[in-house]
Amino acid sequence: MSVNPDYLKEEREQEWRVVLRSQKKNKERTDLVRVHMTEVDPKIRVQSNIEVNQGLSEDDAVNEAQRCLDCPNPTCITGCPVEINIPKFIKNIERREFLEAAKVLKQTSTLPAVCGRVCPQEKQCEAQCFYTLKLKKEPVAIGYLERFAADYEQKSGKMAVPEVAPAKGIKIAIIGSGPAGLTFAGEMCKRGYDVWVFEALHEIGGVLKYGIPEFRLPNSIVDVEIDILKKMGVHFETNFVVGKTATIDDLKDEGFKGFFVGSGAGLPRFMNIPGENYIGILSSNEYLTRINLMDAANPNTDTPIISGKNVAVIGGGNTAMDSVRTAKRLGAERAMIIYRRSIEEMPARVEEIKHAQEEGIEFINLANPLEYYADEKGRVKQMKVQRMELGEPDSSGRRRPVPVEGSEYLIDVDTVVVSVGVSPNPLIPSSLPDLKMTRWQTIEVDDDKLQSSIPYIFAGGDIVRGGATVILAMGDGRKAAASMDNYIQNISK
Amino acid sequence: MNKIVKKEFFSENVVRLVIEAPRIAKARKAGHFVIIKCGETGERIPLTIAAADKDKGTIDLVIQRVGVTSRKITELEEGDYITDLVGPLGQATHVEKVGTVLACGGGVGVAPLLPIVEAMKMAGNRVVTILAARSKDLIILEDQMRQFSDELIIMTDDGSYGQKGLVTDGMESVIKNEKVDLSVVIGPAVMMKYASMVTKKYDIPTMASLNTIMVDGTGMCGACRVTVGGKVKFVCVDGPEFDAHQVDFDEMLLRLSGYKDIEKEAENKYISNKCKSR
Ligand SMILES: Cc1cc2nc3c(=O)[nH]c(=O)nc-3n(C[C@H](O)[C@H](O)[C@H](O)COP(=O)(O)OP(=O)(O)OC[C@H]3O[C@@H](n4cnc5c(N)ncnc54)[C@H](O)[C@@H]3O)c2cc1C
Ligand code: FES
């Protein structure tokens, strides 16, 4: 699916945009320098959970918006998984119609305040910006502008509650309340369905709540979006594990006509190396859940946390960065990333790597753990790592790390966070023997419709893709809603 | 939010709560557990469903005061609400007619053992049950157990009730007297370790229900991991019951001790704060 070029052209020829373009020469626009995000000083921010990026001021945002050339062929849109009409929202910022800009975002993205903070823009829209492609200059700060417009709307107190079509009286169940489930819920509610979201945990939001830390994505930002869904009429049932508390068949008997599975990729992987079950070695999911969902670092809560002085985090993704920066904030003297490739190959967002470096995180690259050693009480005290070098590219196109024989050495550690990836959550599949799965244990769906082998079950997000991104999960939720709506209308004919 | 409809003390430190949870009451089978959280700042802890009443829509939990959370729960009264309750979780016990089942419960392991004893009896097995505790006042659920057991043996360390001796002594004497086809052992990790050594010696298939540390209870965090037959398993989704002869109890014991110091400190703090506020 791609955006209709005629529609884009028509929008671009609207009078206000023509006038705006004529107000500044392209040369004047390209001479402007990219805006800097205000960040809390690293020394101060590691003392608390304060959000690192403080957002743009109105003037900064308008200035940055002026850099956008409003290209006739906006390549940036092709880089966005949900194809936001990027020039249109940016030009609205330029003319200071900030709420209008937010409206444009909301047309295709349900959670712009979230995406503006966590999307890997440098690999998506900003990688396809005219500045990057042709001028070899820093791209327009599309992500910062997205966040600006979305935050402006949140703060304005004028959050629009989307219009809801007349009630159809058809019950729809959603399994999981991460970005995929929330987006699907909003879309179906707008179409007049009676929408119920079932969530296993005691909080709504999936990874946005239990995974991504406060210093990167404050919970309050997510809660505003959840509130809107509630106002639209979405029902939320927490503490409800579909497949256990009730099965999909039970819910079907209770009158639910369609199901959307957005149950995520919650199963942590370990490396299966000797000593990995010693005390002080935990998955990033456990570490982050204790801190983010259970608020374990707060002395007034009951959930305990092991907070070490020498913390090693294994892995190079966003989850690893979030864990190691959390460790720093919990008072680690040495907070280390141990990753088997080089920094260039790290899958984490570039900004997170930069922030981590500023915060004094040690990067031990081209190194892989082999074994852990414990003290007499069973608490991990050392790890043996092996040096790696980069060989030929593998199937992912990244150069394969190859062990350097005889290069093993020891590092003192008292806490180790294993962050080497997640597998799809097996709860739903194991309760539905007829559901077709892929060999990666993800739910098999039709690419266009996101419909599974059981016609009334649709799925999207990480349960279909394996560990992916927030924006892709959202895109799936939107697409699945359109096709389930179709499916239900057809069967009720 | 789930309402507590009944509260009963089995002993000074052991409480039975009957809680409204219609869906769980309907879906649960022997061996299942729930995760509960009390209050906004509470932690999530697993508790076995000791019994359920489908018609009334209630489940029974038996709780022994061991830490801050179990203390908080036992301080709730009839009419109070549990903030968060989710379940039934885990795999249900595999119940079939095998002949004679030797069921051994130690300490709070007795509560999770009750539904299994009941299910084993209903499946047509002869059930011999051993309840073990340090002393008489720690023996719980005796009457309920007797109802579903063909024979009930009580062992106390100090001899204050039943026979004097450890659970393993009771097991040895049963095994010497009759053919046992299956054994189920539930209790503190040390007890399960030694109990399963006894049945291993006589080559009796044995199940243990593991009480590891848990956070989410849905397979998401790996806090509950144990090694069974050389492979890492998550107790909350793969268990809680495993072939006791394959479980690495030493590793489990070690992992259980991980938060001990922090927890003891927290409990002392909780108790002293409470005393102050009185
Ligand atoms: C620490 C961390 C940092 C990340 N950082 C980024 C980032 O910067 N940018 C980015 O784009 N992506 C990031 N990601 C990835 C991103 O969060 C995921 O791709 C996205 O959240 C997937 O959304 P989802 O809706 O598919 O599932 P999830 O967000 O995983 O939500 C699934 C929900 O379903 C619930 N559930 C599961 N089974 C059941 C059941 N049977 N019944 C009821 N409920 C159930 C789960 O409890 C969970 O709440 C990060 C992930 C992690 C863990
Ligand atoms: S308790 Fe988290 S995986 Fe079992």
Side-chain angles (χ1 to χ4, degrees), chain A residues 199-203 207 210-211 237-241 243-247 250 263-272 275-290 293-296 298-307 374 377-379 418 422-423 425-427 430, chain B residues 1-2 21 23-24 26-28 32 34-45 67-69 72 83-90 213 215-227 231-232 234 237 248 250-263 265-266 269-270:
Chain A
E199 168 55 53
L201 296 173
H202 60 267
E203 278 264 5
V207 169
Y210 78 70
E237 290 264 326
T238 50
N239 297 317
F240 196 117
V241 186
K244 292 282 182 189
T245 312
T247 61
D250 295 336
S263 54
L267 191 72
R269 281 194 214 129
F270 287 92
M271 294 176 69
N272 296 316
E276 209 174 20
N277 289 344
Y278 284 136
I279 300 167
I281 306 182
L282 57 176
S283 75
S284 49
N285 271 5
E286 180 183 348
Y287 194 63
L288 293 172
T289 299
R290 281 181 187 270
L293 185 71
M294 308 308 298
D295 198 11
N298 176 345
N300 297 320
T301 63
D302 298 340
T303 305
I305 185 76
I306 290 183
S307 42
K377 281 183 166 168
R379 171 92 187 239
V418 183
V422 281
S423 303
N425 191 310
L427 275 170
S430 64
Chain B
M1 297 279 264
N2 302 68
R23 282 201 186 264
I24 303 177
K26 196 167 144 223
R28 80 99 208 190
H32 279 145
V34 292
I35 293 259
I36 94 174
K37 174 173 169 281
C38 281
E40 280 312 305
T41 57
E43 68 179 326
R44 294 170 64 100
I45 63 157
V68 174
T69 301
K72 277 191 184 171
T83 321
D84 293 285
L85 175 73
V86 58
L89 300 171
I213 293 171
V215 182
D216 59 301
T218 64
M220 193 256 284
C221 75
C224 61
R225 65 194 192 278
V226 288
T227 304
K231 292 213 174 71
V232 173
F234 288 5
V237 284
D248 184 341
D250 291 330
E251 180 189 273
M252 181 180 155
L253 274 163
L254 209 64
R255 286 183 58 77
L256 277 171
S257 71
Y259 289 95
K260 274 241 168 79
D261 295 346
I262 309 178
E263 268 164 12
E265 206 178 293
K269 194 172 124 198
Y270 177 73

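Naming: A, B, ... by sequence-line order, numbering from 1 per chain. This one's a predicted model, so the numbers in the text were calculated from it and none came from an experiment.
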Output all residues satisfying salt bridge (Lys or Arg N to Asp or Glu O under 4.0 Å) with A/Glu199, sequence neighbours left out; order by chain, then residue number.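 With neighbours one apart ignored, the set is empty.
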
Check salt bridge (Lys or Arg N to Asp or Glu O under 4.0 Å) between B/Arg255 and all other residues, then give those that pass, not counting sequence neighbours. none

Just how far is it from atom CD1 of A/Ile279 to atom CD of B/Glu251, taken to the nearest 0.5 Å? 10.0 Å

Please check this pair: side chain of A/Asn285 against backbone of B/Met220, looking for a donor-acceptor N/O pair closer than 3.5 Å.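 Yes, A/Asn285 side chain to B/Met220 backbone: donor-acceptor pair under 3.5 Å.
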
Backbone N or O of B/Gly90 within a donor-acceptor pair of the A/Lys244 side chain at under 3.5 Å?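 Side chain of A/Lys244 to backbone of B/Gly90, a donor-acceptor pair under 3.5 Å: yes, one is there.
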
Could you have a look at B/Pro88, B/Gly222, B/Ala27 and say which one has the most heavy-atom pairs with chain A under 4.5 angstrom? B/Pro88

Measuring heavy-atom distances to chain A, does [X] have an atom under 4.5 Å in its side chain, in its backbone, in both, or in neither?
X        : value
B/Lys26  : neither
B/Arg44  : both
B/Thr218 : both
B/Ile35  : neither

Hey, is A/Asp302 close enough to B/Lys72 for a salt bridge, meaning N to O under 4.0 Å?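 Salt bridge flag = yes for B/Lys72 with A/Asp302.
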
Which atom of [X] lies closest to which atom of [Y], heavy atoms considered:
X        : Y        : result
B/Gly219 : A/Pro268 : O-CD, 3.5 Å
A/Lys377 : B/Ser257 : O-OG, 4.5 Å
A/Phe240 : B/Val86  : N-CG2, 4.1 Å
A/Val241 : B/Leu89  : CG2-CD2, 3.9 Å
B/Leu85  : A/Asn239 : O-CB, 3.4 Å

Heavy-atom check, side chain of [X] versus side chain of [Y], under 4.5 Å:
X        : Y        : value
A/Asn277 : B/Arg225 : yes
A/Pro304 : B/Glu43  : yes
B/Asp216 : A/Leu201 : yes

Proximity breakdown for [X] and chain B, heavy-atom pairs closer than 4.5 Å:
X        : result
A/Asn298 : neither
A/Thr289 : side chain
A/Phe270 : side chain
A/Tyr278 : both

Against chain B, work out which of A/Gly264, A/Ser283, A/Ala246 has the most heavy-atom pairs shorter than 4.5 Å and name it.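 The residue among A/Gly264, A/Ser283, A/Ala246 with the greatest pair count is A/Ser283.
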
Quick one: of A/Ile281, A/Val418, A/Leu288, who has the most non-hydrogen atom pairs under 4.5 Å with chain B?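 Looking at each option in turn, the highest pair count goes to A/Ile281.
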
